[in-house]
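Data first, discussion second: the structure below is written as structure tokens.
Everything numeric in this text was worked out from a predicted model, so none of it was measured.
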Amino acid sequence: MTSAIRHAEAASRSADTTGKGKGKGGRRIGHALAYLFLGAMIVAQLLPFWLALSAASKPSTDMSSTLVPRLHDIAWDNFTTAITQGGILTAVGNSVIVTVCSTVLVCICGAAAAYPLARRKTRGNKLVSAGIMSLMMVPPLSILVPLYTLMVNTGGVNTRWGIVLVTVAGNLPLAIFLYTAFIKAVPESIDEAGMIDGASRFMIFIRLILPLLKPVTATVVIMTSVGVWNEYALSNYLISDPSKQLIAPRVASFFAMQSSNLGVGAASALIAALPIVIVYLFLQRYFIAGIAAGAEK
């Protein structure tokens, strides 16, 4: 009997060791697949930039492979042509103005609208929240005809304030949704403490709630600024004046004119992408913190 028990214990230890070995092997395979998938995603994301950089470094007479950039005698004339003939810097300035104004208005209006929606749990507020979520499902181009008619009647065509109002209206529902979800997780005891000290609802929002919204504000800033900066369809219809065009339609029209010279077109695309990439590099840690905070809450 004792011998049988010893054999059973030995077999159990052997099975545990084998299971641990198989578990470690499975984890190694899982880690390898995860790293392989991550590497593939990085390559897929960076490949367009690499191709654009390679094309922008070569003159139109260089017929070498686009995968290999020109390391000597870089064709800086491509960037000069994009700036002088393409008006890329003017379009960048217009996009900066529209993006900054739109992002600021979206953050202010989104946070201000989300606070009462998050704190007052009434049936009316629930209907308003449902309506805001439904607006997120509406494709922007589906309202192009009535929107264009409205902008013509109000004199908003070929104006910066007109495209600012359009982009704010398009990005506001998502901002309100994110702010509302974040404020709901903020303890209401903070509001009660402010009321005990005699603060009004407005002062509670400004002094107590608003400073806590930095993570989600960074998320809204990045998502809104990227969306406005890359806006093409609506701005292409609402702004036809070349001196007021945003960067996306300007690059598209200039690339169409320079279709025989890929280097100049690639240079204009790189100039267009540079400002928003710089903004993201400065705000990426806040963006990640906002996503993590939203997931935790």
Check your understanding: Are T81 and N78 close enough, and set up right, to give a side-chain contact (heavy atoms from CB on, under 4.5 Å), and what steps lead you there?
Key -> CA-CA 5 Å; T81 303; N78 292 335; 5.7 Å; no
**Study point:** L178 CG to M223 CE distance, which is reported to the nearest 0.5 Å
**Key:** 6.0 Å
Exercise for review: Specify the closest pair of heavy atoms between A52 and A266, including all atoms of both residues, with the distance to one decimal.
Suggested key: O-CB, 3.4 Å
Review point. Do L46 and W50 come close enough that some side-chain heavy atom pair is under 4.5 Å?
Key: no
Check your understanding: Quick one: does S95's side chain have a donor or acceptor within less than 3.5 Å of a partner on V92's backbone?
Key -> no
Exercise for review: Determine whether more than 12 heavy atoms belonging to other residues, nucleotides or ligands lie under 6.0 Å from atom CE of M195.
Suggested key: yes
Revision key, fill the gap. The side chain to side chain contact (heavy atoms under 4.5 Å, CB included) partner of Y148 among V145, V152, L150 is V152
Check your understanding: Less than 4.5 Å apart, any side-chain heavy atom of Q245 and any of S253?
Key -> yes
Check your understanding: L89 and L270: same hydrophobic cluster, using ILVMFWY side-chain contacts below 4.5 Å?
Key -> yes
Practice item. Provide the closest heavy-atom pair for A114 versus I176 in the form atom of the first, atom of the second, distance. Key: CB-O, 3.8 Å
Check your understanding: Does P116 offer a backbone N or O that forms a donor-acceptor pair with the side chain of N125 under 3.5 Å?
Key -> yes
Review point. Under a 4.0 Å N-O cut-off, is there an ion pair linking E192 with R119?
Key: no
Review point. Of the options V104, L105, V106, which is the one that meets I108 in a side chain to side chain contact (heavy atoms under 4.5 Å, CB included)?
Key: V104
Point to revise | Linked, directly or transitively: I206 and I196 (ILVMFWY side chains, under 4.5 Å) | key: no
Check your understanding: Is there a donor-acceptor pair under 3.5 Å between the side chain of S225 and the backbone N or O of I222?
Key -> yes
Check your understanding: Checking N94 side chain against S243 main chain: does a donor-acceptor pair fall under 3.5 Å?
Key -> yes
Study note, to complete from the structure: Output for pair (R201 CZ, L208 CG), nearest 0.5 Å, gives 11.0 Å
Exercise for review: Ignoring hydrogens and angles, tell me if any N or O in the side chain of S235 forms a donor-acceptor pair with the backbone of Y232 under 3.5 Å.
Suggested key: yes
Practice item. Please round to the nearest 0.5 Å and tell me the distance separating atom CD1 of I163 and atom CG of L238. Key: 5.0 Å
Review point. In Å, rounded to the nearest 0.5 Å, how long is the span from OG of S200 to CZ of R207?
Key: 9.0 Å
Exercise for review: Examine distances only and state if a side-chain atom of W229 and a backbone atom of P275 form a donor-acceptor pair shorter than 3.5 Å.
Suggested key: no
**Study point:** Heavy-atom check, side chain of I239 versus side chain of P249, under 4.5 Å
**Key:** no
**Study point:** Over 12 foreign heavy atoms within 6.0 Å of CH2, W76
**Key:** no
Point to revise | Non-hydrogen side-chain atoms of T217 and V220 separated by less than 4.5 Å | key: no
Exercise for review: Answer with yes or no whether the hydrophobic clustering places I143 together with V228; edges join I, L, V, M, F, W, Y residues whose side-chain heavy atoms lie under 4.5 Å apart.
Suggested key: no
Review point. Can you tell me how far the CG atom of L174 sits from the CG atom of L135, to the nearest 0.5 Å?
Key: 12.0 Å
**Study point:** Which atom of F254 lies closest to which atom of Q85, heavy atoms considered
**Key:** CE1-C, 4.1 Å
Practice item. Could you go through the side-chain contact (heavy atoms from CB on, under 4.5 Å) check for N171 and S102 one step at a time? Key: CA-CA 9 Å; N171 289 276; S102 300; over 6 Å; no
Check your understanding: What about V138 and L144, same hydrophobic cluster or not, with Ile/Leu/Val/Met/Phe/Trp/Tyr joined at side-chain heavy-atom distances under 4.5 Å?
Key -> no
Check your understanding: Mind checking whether C101 and W161 have side chains closer than 4.5 Å, heavy atoms only?
Key -> no
Check your understanding: Sub-3.5 Å donor-acceptor pair from the side chain of R250 to the main-chain atoms of P242, do we have one?
Key -> no
Exercise for review: Classify the side-chain pair T180/Y115 by whether it contains a donor and acceptor separated by less than 3.5 Å.
Suggested key: no
Point to revise | Heavy-atom donor-acceptor pair, T219 side chain to P215 backbone, under 3.5 Å | key: yes
Practice item. Kindly compute the distance separating CG (L165) from CG (L147), expressed to the nearest 0.5 Å. Key: 10.5 Å
Check your understanding: Taking all atoms of both residues into account, what is the closest heavy-atom pair of Y179 and A111, and its distance?
Key -> CD1-N, 3.5 Å
Practice item. Could you tell me whether the side chain of D241 and the main chain of N158 form a donor-acceptor pair under 3.5 Å? Key: no
Check your understanding: Would V251 and V277 show up in the same hydrophobic cluster when neighbours are defined by side-chain heavy atoms closer than 4.5 Å?
Key -> yes
Practice item. Find out whether T99 and T167 are in side-chain contact, i.e. whether some heavy atom of one side chain is under 4.5 Å from a heavy atom of the other. Key: no
